[in-house]
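As structure tokens, the structure follows; a few thoughts come after it.
Basis for what follows: all heavy atoms, side chains included, without hydrogens, waters or symmetry-related copies. Whatever order the structure lists them in is the order used to number ligands and atoms, beginning at 1. Small disclaimer: the values here were computed from a predicted structure and weren't measured.
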Amino acid sequence: MCKTHVLSVASARAPFEKTTIERRELRPHDVLIDIKFSGICHSDIHSAHGEWDGGIFPMVPGHEIAGVVEAVGTEVTKYAVGDRVGVGCFVDSCGECEYCRSGEEQYCTRGVVSTYNSLDYDGNPTYGGYSQKIVVTEGFVVRIPDALQLDVASPLLCAGITTYSPLKHWNAGPGKRVAIVGMGGLGHLAVQFAHAMGAEVTVLSQSMNKKSEAMELGADHYYATSDPATFTELANQFDLILNTVSANLDVNAYLSLLRVDGTLVNVGAPAEPDQYHVFSLIMKRRSIAGSLVGGIRETQEMLDFAAEHGVAPKIEVIRADQVDEAYERILRSDVRYRFVIDIATL
Ligand code: NAP
Ligand code: ZN
């Protein structure tokens, strides 16, 4: 066992405190990672606040992990000590079901083991990346390309793959009009990926405040959703709308922006159910869909794509004692565009 310092919350909405936990002894296929940076995802807030079906406490959030391999188990072949690696939203899956075999472990029929707020297959709670060390089986570790700094790379492990995967699945590319709703951690990466894939990209943000940054990141158009004229002007325009918003939206209003056969894909995950009218779908054969992060193989592909195309999160590096404040700022949409914890300060 290896003792490691962590930031944990004792119960829903409790403040963060520095404590220690034990990481498991290395099994033959395990990798011990010395975590350097850990991004803060809005899912960490939903989870630490107990918004999604309660939660397992004490909780150590964090599923945007970037670090360096410190030790490897006896049968590890993929990684060696010193390698720059990342871990995203899950750390195990059954490996046998049709989804695991096709590289979409996130949809494992046995139930994927999440990086934190989850029970592993031995029944032990998992603890995430707000931590100095983590032990993960090598199949759930990805390689961070040399072109990406570790702090910049960390948000790609969740926000990056969560936007890259649906954009690819729903064929964002040349000739496609794609709207990104919400320009936060996920949204500002979605803009970059959709642009790099060749789509015509529109940002739908609450205000005009982020316009110049959106255009720098590759957006072709930018509209404020607080202006009702936006919804008349953009009616029936988009092939694909990627909703990254953490709160409930007026779903009918966004559906009205889709062309015939267009799809509204939700990755934003508010706790309360959405409402929509079926006529918003029927009259133009539109679809509503959702998407959960992305598989390990696709996560590696996404990192390599980001390195090749210069897709990079805009980050604000913070100390371990600033996480409570960072959560409040995220809830006020006061982040440009991802907080990343410098684990050396823990
Ligand atoms: P974030 O950084 O807080 O960004 C969310 C953005 O949504 C905000 O920056 C804001 O953008 C917009 N927004 C916030 N409140 C709003 C409201 N009331 N009405 C309209 N727009 C609002 O959060 P994130 O880390 O990107 O995560 C976004 C959501 O995705 C969360 O619910 C998270 O749990 C979920 N998520 C899902 C997956 C998955 O696998 N499906 C993975 C990761 C995260 P503007 O200022 O531009 O309006
Ligand atoms: Zn996340």
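Between Arg338 and Glu64, at least one side-chain nitrogen of the basic residue sits less than 4.0 Å from a carboxylate oxygen of the acidic one, meeting the salt-bridge criterion. Salt bridge status for Lys36 with Asp151: absent, with no side-chain N to carboxylate O gap under 4.0 Å. Here Lys176 does not pair with Glu200 in a salt bridge; the nearest charged N to carboxylate O distance is not below 4.0 Å. Salt bridge present: Arg24 and Asp30 bring a charged side-chain N and a carboxylate O closer than 4.0 Å. Using a cutoff of 4.0 Å between basic side-chain nitrogens and carboxylate oxygens, Arg319 and Asp342 are not scored as salt-bridged.
Those atoms of ligand 1 that come under 4.0 Å of a heavy atom in Ser246, given as number and element, are 14 (C), 31 (C), 32 (O). Less than 4.0 angstrom separates some heavy atom of Leu292 from each of these atoms of ligand 1: 40 (O). Every atom of ligand 1 is numbered from 1 in the order shown, and the set under 4.0 Å from a heavy atom of Thr162 is 38 (C), 39 (C), 40 (O), 41 (N), 42 (C), 43 (C). Near Val293, meaning under 4.0 Å from any of its heavy atoms, are these atoms of ligand 1: 39 (C), 40 (O).
Proximity of Ser207 to ligand 1, defined as any heavy-atom pair under 4.0 Å, is not found for any part of the residue. Only the side chain of Ser333 comes within 4.0 Å of ligand 1, judged by heavy-atom distances.
Looking at atom 30 (O) of ligand 1, its nearest protein heavy atom turns out to be Gly268 CA, 3.4 Å. The shortest contact between atom 44 (C) of ligand 1 and any protein heavy atom is with Ser43 OG, 3.2 Å. Closest to atom 3 (O) of ligand 1 among all protein heavy atoms lies His42 ND1, 2.7 Å. Nearest protein neighbour of atom 19 (N) of ligand 1, counting heavy atoms only, is Gln206 OE1, 3.5 Å. Protein heavy atom in closest approach to atom 29 (C) of ligand 1: Thr244 O, 3.4 Å.
Between Gly160, Gly182, Ser291, Gly187, it is Ser291 that holds the heavy atom closest to atom 41 (N) of ligand 1.
Of the polar atoms of Lys210, at least one N or O is found under 3.5 Å from an N or O of ligand 1, judged by distance alone. Close N/O approach between Leu186 and ligand 1 is found [any backbone or side-chain N/O within under 3.5 Å]. The shortest N or O to N or O distance between Val267 and ligand 1 is below 3.5 Å. In terms of polar-atom proximity, defined here as any N/O pair under 3.5 Å, Ala247 makes no such contact with ligand 1. For His46, a nitrogen or oxygen atom sits less than 3.5 Å from a nitrogen or oxygen atom of ligand 1, counting backbone and side chain alike. Close N/O approach between Gly185 and ligand 1 is found [any backbone or side-chain N/O within under 3.5 Å]. Inclusion of Leu249 in the set of residues having an N or O under 3.5 Å from an N or O of ligand 1 is not warranted. By the 3.5 Å distance cut-off applied to N or O atoms, Ala269 is counted among the residues near ligand 1.
Under the 4.0 angstrom criterion for non-hydrogen atoms, Gln106 is not in contact with ligand 1. In this structure, Phe339 has no heavy atom closer than 4.0 Å to ligand 1. Using a 4.0 Å cutoff on heavy atoms, Asn266 does not count as a contact of ligand 1.
Remark: the Asn117 side chain and the Tyr127 side chain contain no N/O donor-acceptor pair separated by less than 3.5 Å. Side chain to side chain, Tyr164 and Glu301 meet the donor-acceptor criterion of an N or O pair below 3.5 Å. If you check the side chains of Arg286 and Asn236, you find a donor sitting under 3.5 Å from an acceptor.
Exactly one residue among Glu316, His188, Glu213 makes a side-chain hydrogen bond (donor to acceptor under 3.5 Å, both in side chains) with Tyr337. That residue is Glu213. Of the candidates Lys284, Arg259, Arg177, Asp239 forms a salt bridge (Lys or Arg N to Asp or Glu O under 4.0 Å) with just one, namely Arg259.
The Zn ion (ligand 2) lies at the vertex of an angle of 130° between the SG atom of Cys158 and the SG atom of Cys41 (rounded to 10°).
Counting heavy-atom neighbours within 6.0 Å of His49 NE2, excluding the residue itself, gives a total above 12. Around CG of Asp334, the count of heavy atoms belonging to other residues, nucleotides or ligands within 6.0 Å exceeds 12.
Residue side and main chain included, His42 places no N/O/S atom under 2.8 Å of the Zn ion (ligand 2).
Under a hydrophobic clustering in which Ile, Leu, Val, Met, Phe, Trp and Tyr are joined whenever their side-chain heavy atoms come within less than 4.5 Å, directly or via other members, Phe238 and Leu242 fall into different clusters. Following chains of ILVMFWY side-chain contacts shorter than 4.5 Å, one cannot reach Val267 starting from Tyr254, and the two form parts of different hydrophobic clusters.
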